[in-house]
Amino acid sequence: FTSKTHTHKLPAKINTIMASTLSEWNTKPITVLTCDGRLISGILQGYDQLQNLILVKSYEKVYSLDNPMERVDLGLFVVRGDNVAVIADSNDGDGDGDVEEDVRAEPVKAIYGNR
């Protein structure tokens, strides 16, 4: 990652582990927490060595204390690798199954000010 004063590169071993995990998750539902605090779910369709992610049937989960979780359909969506904070496997990437309709929570704050 990059800050105003330092540039950090992940060790090659970590990149290899990440690529191995992503290959296992290809065509499966995942959820991505971005550095700017967005929570994007969808089916992993592809990725590259920079951890850019291509998601299909994707949607954003928007949380609020005042309203239930809102689902915003995105369709085909690309997440830049430098904006990926966390990737997790998910059982709701295709929109089927339990929907968190009544969940209320504070929005996720930005994890890293990389912009």
Side-chain angles (χ1 to χ4, degrees):
F1 63 88
T2 305
S3 69
K4 291 182 179 178
T5 57
H6 295 89
T7 299
H8 302 279
K9 291 187 177 183
L10 294 174
K13 183 175 182 177
I14 291 175
N15 283 333
T16 302
I17 292 169
M18 178 63 76
S20 173
T21 301
L22 287 175
S23 69
E24 294 172 14
W25 289 348
N26 209 23
T27 70
K28 295 187 179 170
I30 65 168
T31 297
V32 179
L33 177 60
T34 64
C35 293
D36 57 359
R38 295 176 71 188
L39 199 57
I40 311 290
S41 294
I43 299 182
L44 180 63
Q45 192 65 39
Y47 61 92
D48 64 11
Q49 69 276 10
L50 299 175
Q51 296 173 8
N52 295 311
L53 307 174
I54 301 170
L55 303 176
V56 295
K57 298 183 181 177
S58 66
Y59 57 92
E60 181 175 2
K61 295 179 181 179
V62 180
Y63 290 94
S64 164
L65 290 175
D66 300 325
N67 299 305
M69 189 265 309
E70 179 183 358
R71 177 182 162 138
V72 179
D73 289 327
L74 302 171
L76 178 66
F77 195 79
V78 176
V79 183
R80 285 182 47 136
D82 65 351
N83 196 27
V84 173
V86 178
I87 305 171
D89 62 344
S90 173
N91 63 359
D92 63 356
D94 61 1
D96 296 334
D98 296 333
V99 179
E100 305 163 356
E101 292 176 358
D102 295 328
V103 174
R104 295 170 194 255
E106 286 190 34
V108 178
K109 294 183 180 169
I111 293 172
Y112 182 72
N114 66 349
R115 301 278 184 253

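In what follows, every heavy atom counts, from backbone to side chain, and hydrogens, waters and symmetry copies are set aside.
- Annotation: salt bridge (charged side-chain N to carboxylate O under 4.0 Å, His left out) contacts of Asp73 (sequence neighbours excluded): Arg71.
- Taking CD1 of Ile43 as the start and NZ of Lys28 as the end, the distance is 11.5 Å to the nearest 0.5 Å.
- The residues Arg80 and Asp82 are annotated as salt-bridged, a charged nitrogen and a carboxylate oxygen being separated by less than 4.0 angstrom.
- Applying the side chain to side chain contact (heavy atoms under 4.5 Å, CB included) rule to Leu33 yields the partners Leu39, Val86, Val108, Ile111; only residues at least two apart in sequence or on another chain are considered.
- Between the side chain of Ser58 and the main chain of Ser41, no donor-acceptor pair closer than 3.5 Å is present.
- Linking ILVMFWY side-chain heavy atoms closer than 4.5 Å, directly or via other members, places Leu50 and Leu44 in two distinct hydrophobic clusters.
- Contact detail for Glu60 and Leu74: the closest heavy-atom pair is N-CD1, 3.8 Å.
- The side chain to side chain contact (heavy atoms under 4.5 Å, CB included) test applied to Leu76 returns Ile54, Val56, not counting sequence neighbours.
- Distance check: Asp36 CG to Asn83 CG gives 4.5 Å after rounding to the nearest 0.5 Å.
- One distance of note links CG of Leu22 with CD1 of Ile87; it measures 5.0 Å at 0.5 Å rounding.
- The side chain to side chain donor-acceptor pair (under 3.5 Å) search around Asn52 returns Asp48, not counting sequence neighbours.
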